[in-house]
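Structure first, then comments.
Lettering follows sequence order; numbering is per chain, from 1. What you see is a predicted model, and the numbers here were worked out from it, not measured in a lab.
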Protein chains: 2
Amino acid sequence: MSNDAHPHDLPAVVRLLWDLGEPSRRGPKPTFTRDDVVAAAIEVADAEGITAVSMGRVAAQLGSSTMALYRYVASKDDLLTLMSDAAFGLPPEAPAGAGWRPRAEQWARAVRDEWTRRPWLLKLPVTGPPTGPRNLRWFDACLAAFDGTGLDAAQRVSATLLLSTYVRGERHLMIDISSRPPEELAQTLISYDVLAPLVSAEQYPALARMIADGEFDDDFGDDASGDDDFEFGLTAVLDGIAAAIERASA
Amino acid sequence: MSNDAHPHDLPAVVRLLWDLGEPSRRGPKPTFTRDDVVAAAIEVADAEGITAVSMGRVAAQLGSSTMALYRYVASKDDLLTLMSDAAFGLPPEAPAGAGWRPRAEQWARAVRDEWTRRPWLLKLPVTGPPTGPRNLRWFDACLAAFDGTGLDAAQRVSATLLLSTYVRGERHLMIDISSRPPEELAQTLISYDVLAPLVSAEQYPALARMIADGEFDDDFGDDASGDDDFEFGLTAVLDGIAAAIERASA
DNA sequence: GTTTTCTGCGTACTTCATACGCAGAACGGT
DNA sequence: ACCGTTCTGCGTATGAAGTACGCAGAAAAC
C-alpha cells in the first residue's frame, strides 16, 4: 500500500482510516498500537454489544488505563470510525467464470453474513460512503461483479450502492429482532394481528383487511432471521439491476 | 380509534406508541401533555439536530424543569421512540385510478421527502418494524398500492419493506452529506479520485481502474442530493417488484 | 375534613468523555 | 556523556447527561 499521498490533501476521515499519521521518532516505545486498541474495542463489542464500548472498558480489555487510549486515538468517535472499517473481514473470491448475477448474489449473501456476525456494526454512526481500506475491498468486489455488463461507471456505482443499501437496510431492520434474548423478543411485535383492536379500517384499510383475513396468523413472519423476506428483496433488486443492464445493452 | 385493547396483552412499545396508559384521576391537573413534550423535542431536533435533544434542552424548550419531564415520559429512550413516530406527517392520497407502480413511486418519493425534511429521524435507534400510529399509516398506504397485483399477503409486506428499506437506506447514506455545512463537507469524501494514491490495483482492481479511467472526475457524484442515484435505485427496485408481480400472475 | 393520589421539581448520585499536567523514558544534537 | 526535546502512561479534575429519591403542595375520592 502506497503511503505517498500528501496527507494534507485528503479528508480527515481518510487520513484517519488509512493511518497516514507520522510515526514517532523519540520517547518511550509505545506498549500497544492503534490496531491493538481497535481490536480490543471490537472484542468488547462482540462480547457485550456496542453500548458496552466505553473508553474505560476498552482500556480494561487492553490492559492499560483509560487515558492512555488517547495516545492512540484522538477521541471515542475516531475509535468508532476505525471499528466500522476494521470489523469487516475480506470479501469472498468471485467464483471463476461466473456471470454478474451469481457474483452479485454471492457478494450480497457474504456482506449480509458480516452484518449478521457483527450486528453492532449497524448501530455505528454513518459518516458517508465507504472510504476505509476494508469497506473499499467490499465496494471494489461488488463493482467488479458489474464489469462487462454494459453499465457505465456511474451505473455500476449506483448498482453497488443499491445492493449494499438493500442488504444493510434489511439487516438493520431484522437484526434488532433476531439478536434479542427470548424474554425481550416477546416485547417486540413480530405479528401484526395483535394490533387488531388499534388499527381502524378507516385509517388503516389495507392493514385492517389483512388482519381480518387472518394473513398475520401465527406463522406469518415467524421467520425471525428474515430469510424469506431477504430472498424476495434480493431477487427483486437483482431483477431490477438486470432490467437496467438490458436497457444499457439496447 | 378504539382503545378497547387489553393493554397488558400488547408489547410495551405498542402500549407506549398508542398511548394506552391510564389517565390520572386525582392530584393537580398536569400543565402539559405527553404530546407537548414530544412536540418540544421535535422542535429542538429540527432546529439543532438530534444530538441537542437532551432532557434539559427539551425541558427548556417546553418551559418546565428537567425532572418534570419524567412525569410525562418514563425515560429519554421512550421519548426518542415517541419522536420516531410523531415526526412523520401523513402519507399523500393515492392518485385516483392509478396503477400500483405510480402509486408506489409517489409513496417512495413522499417518504423520502419525510426523511429529507427531518434527517435526524434516520439517527434514531430502530426498535423493530413499524408499529406506531403514524408509521403504520405509511406502511398501510404502501401495502394498499400493491393490492390487486396478484402478490400474496406476505409478498405485499415484503415489497413494502423492500421499498421502504431502499429509500431509508439511500437517505441514511446521503443525508449526512447533504445536511452538513459547507466547511464540513470538504472533509467528507464525495469523489473517489482523491484516493488514487491509496488504492492499489492489486487490492482494489475495479476501483483503481475506474480512477485511472477518470470515471470519478469532478462532476461524478457532485449531485449532493443523490437524485440520480435515487432514480437508478428506485427504477431498479420497482422493476424488480414488477418481475415478482409478473411471476405471481403466471 | 381526611386520606390518597398526583404534579412539579430540587438534590444527589452515577457514568462517561476528555482537558490538563506531571513524571519518567528515549532519541538527537553537541 | 550530558542536556534538551519529544513522547508515553496515566492520575486528577471538570463538565455534561440521565435519572433515583423524596418533599411540598394541589386536587379528587371517600
Positions of residues 78-85 of chain A (non-hydrogen atom under 4.0 Å from DNA chain C), listed by number | none
Within residues 57-66 of chain B: residues closer than 4.0 Å to DNA chain C (heavy atoms) = B:Ser64, B:Ser65
The bend of the helix from C:dG1-D:dC30 to C:dT30-D:dA1, taken between the axes of its five terminal pairs at each end and rounded to 10°, is 0°
Output all residues satisfying salt bridge (charged side-chain N to carboxylate O under 4.0 Å, His left out) with A:Arg168, sequence neighbours left out; order by chain, then residue number.
-> none
Could you pull out all residues at least two apart from A:Glu43 that satisfy salt bridge (charged side-chain N to carboxylate O under 4.0 Å, His left out)?
-> none
Determine, stepwise, if the pair A:Tyr204 / A:Tyr192 fulfils ring-ring contact (aromatic ring centres under 6.0 Å, His included).
-> CA-CA 12 Å; A:Tyr204 307 91; A:Tyr192 282 100; over 10 Å; no
Out of A:Asp77, A:Thr131, A:Leu82, which residue meets the side-chain contact (heavy atoms from CB on, under 4.5 Å) rule with A:Leu16?
-> A:Leu82
For [X], what residues pass the side chain to side chain donor-acceptor pair (under 3.5 Å) criterion, not counting sequence neighbours?
X	result
A:Asp78	none
A:Ser64	none
A:Asp46	A:Arg118, A:Trp120
A:Ser54	none

Take atom OH of A:Tyr70 and atom C1' of C:dA19, then tell me their distance rounded to the nearest Å.
-> 10 Å
Interatomic distance, B:Leu69 CG vs D:dA20 P [rounded to whole Å] | 14 Å
Could A:Arg112 and A:Phe230 be counted as a cation-pi pair, given that NZ or CZ must be under 6.0 Å from the ring centre and within 45° of the axis?
-> yes
A:Val14 vs B:Val194, side chain to side chain contact (heavy atoms under 4.5 Å, CB included): CA-CA, chis, key distance, verdict = CA-CA 10 Å; A:Val14 174; B:Val194 302; 5.7 Å; no
Check the pair B:Thr33, B:Asp36 against side chain to side chain donor-acceptor pair (under 3.5 Å), reporting the backbone distance first and the verdict last.
-> CA-CA 5 Å; B:Thr33 65; B:Asp36 291 334; 3.2 Å; yes
Under 4.5 Å between any side-chain heavy atoms of A:Arg171 and A:Leu121, yes or no?
-> no
Measure the shortest side-chain to side-chain distance between B:Leu234 and B:Leu163 over non-hydrogen atoms and say whether it is less than 4.5 angstrom.
-> yes
Sorted by number, the residues of residues 34-49 of chain B with heavy-atom contact under 4.0 Å to DNA chain D | none
Supply the atom-to-atom distance A:Asp193 CG to A:Met210 CE, rounded to the nearest 0.5 angstrom.
-> 11.0 Å
Output the distance between atom OG1 (A:Thr160) and atom CH2 (A:Trp138), rounded to the nearest 0.5 Å.
-> 13.0 Å
Is there a side-chain contact between [X] and the phosphate of [N], meaning an N or O under 4.0 Å from OP1 or OP2?
X	N	answer
B:Tyr72	C:dG8	yes
B:Ser75	D:dG18	no
A:Ser24	D:dT6	no

Could you list, one pair per line, each protein nitrogen or oxygen that sits under 3.5 Å from a nitrogen or oxygen of nucleotides 13-17 of chain D, together with the distance?
none

Do nucleotides 22-30 of chain D as a string where each nucleotide becomes B, S or -: B if the base has a protein heavy atom under 4.0 Å, S if just the sugar-phosphate does, - if no protein is that close.
-> ---BBBBS-
Please lay out, stage by stage, how A:Leu198 and B:Leu20 fare under the test side chain to side chain contact (heavy atoms under 4.5 Å, CB included).
-> CA-CA 10 Å; A:Leu198 300 170; B:Leu20 300 180; 4.1 Å; yes
Donor-acceptor pair, B:Lys76 side chain versus B:Val53 backbone, under 3.5 Å?
-> yes
Which is it for B:Leu69 and B:Leu62 under the side chain to side chain contact (heavy atoms under 4.5 Å, CB included) test, yes or no, and what are the steps along the way?
-> CA-CA 9 Å; B:Leu69 293 192; B:Leu62 187 64; 3.8 Å; yes
